[in-house]
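Take a look at the structure set out below.
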Amino acid sequence: QVQLVESGGGSVQAGGSLRLSCAASGLIFDDYNMGWFRQAPGKEREGIACISWSGERTYYADSVKGRATISRDSAKKTLDLTMHSLKPEDTAVYYCAAGPAWDYTSPCSRTNYGYWGQGTQVTISS
């Protein structure tokens, strides 16, 4: 059974930083592309950072580009997201996702990912 478990969410002041982690189990981690998504109240879930199975390719949404770094550790089977210069509009539930294949025209599209974590709440206060 595939499990993706996020951790590291919480409340942070604007301008601060955070690090989210996702622990994967039940899958061959190196066979999967991974992504971080987020969903704010009343909005659709959006892909903000994605990384290929090899770790060689990364993609970022414009909303976080320059402020976020996605990384993966094959030995630990973990996916991390580090963000700085946080803004109130970064407030959302953040999800980890895994998928075996990418549409390289839109690697952070939800349709590329079949496994999802339960999400972790991130709240940025001004």
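The first residue of the sequence shown is numbered 1, and numbering continues consecutively from there.
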Problem set entry | Pair listing, salt bridge (charged side-chain N to carboxylate O under 4.0 Å, His left out) test, anchored in residues 6-34, at least two apart | R19-D80
Exercise. Is the number of heavy atoms from other residues, nucleotides or ligands under 6.0 Å of Q121 CD greater than 12?
Worked result: yes
Exercise. Is the side chain of N112 donor-acceptor paired with the backbone N or O of S106 at a distance under 3.5 Å, no angle test?
Worked result: yes
Exercise. Rounded to the nearest 0.5 Å, how far does CD1 of I28 lie from CH2 of W53?
Worked result: 12.5 Å
Problem set entry | W102, CH2 atom: more than 12 neighbouring heavy atoms under 6.0 Å | yes
Exercise. Taking all atoms of both residues into account, what is the closest heavy-atom pair of A40 and A92, and its distance?
Worked result: N-CB, 3.8 Å
Exercise. For E89, does the CD atom have more than 12 heavy-atom neighbours from other residues, nucleotides or ligands under 6.0 Å away?
Worked result: yes
For this session: Please write out which residues are connected to Y94 in a hydrophobic cluster, directly or through intermediates, given that two of Ile, Leu, Val, Met, Phe, Trp, Tyr count as joined at side-chain heavy-atom separations below 4.5 angstrom.
Result: V2, L4, V12, L18, L20, L27, F29, Y32, M34, W36, I48, I51, Y60, V64, I70, L79, L81, M83, L86, Y115, V122, I124
Exercise. Should S21 and K76 count as side-chain neighbours, where that means a heavy-atom distance under 4.5 Å?
Worked result: no
Seminar exercise, completed: Value for NZ (K87) from OG (S126), rounded to nearest 0.5 Å, stands at 14.0 Å
Problem set entry | R72 side chain to S52 backbone, donor-acceptor under 3.5 Å | yes
Problem set entry | P107 to Y113 - nearest heavy-atom pair and separation | O-OH, 2.9 Å
For this session: Before giving the answer on side chain to side chain contact (heavy atoms under 4.5 Å, CB included), spell out for T91 and R38 the whole-Å C-alpha distance, their side-chain angles and the decisive distance to 0.1 Å.
Result: CA-CA 9 Å; T91 295; R38 69 184 182 187; over 6 Å; no
Problem set entry | Close side-chain approach of Y95 and R110, heavy atoms under 4.5 Å | no
Problem set entry | Listed once per pair and sorted, the salt bridge (charged side-chain N to carboxylate O under 4.0 Å, His left out) pairs that draw on residues 52-70, sequence neighbours left out | D62-K65, R67-D90
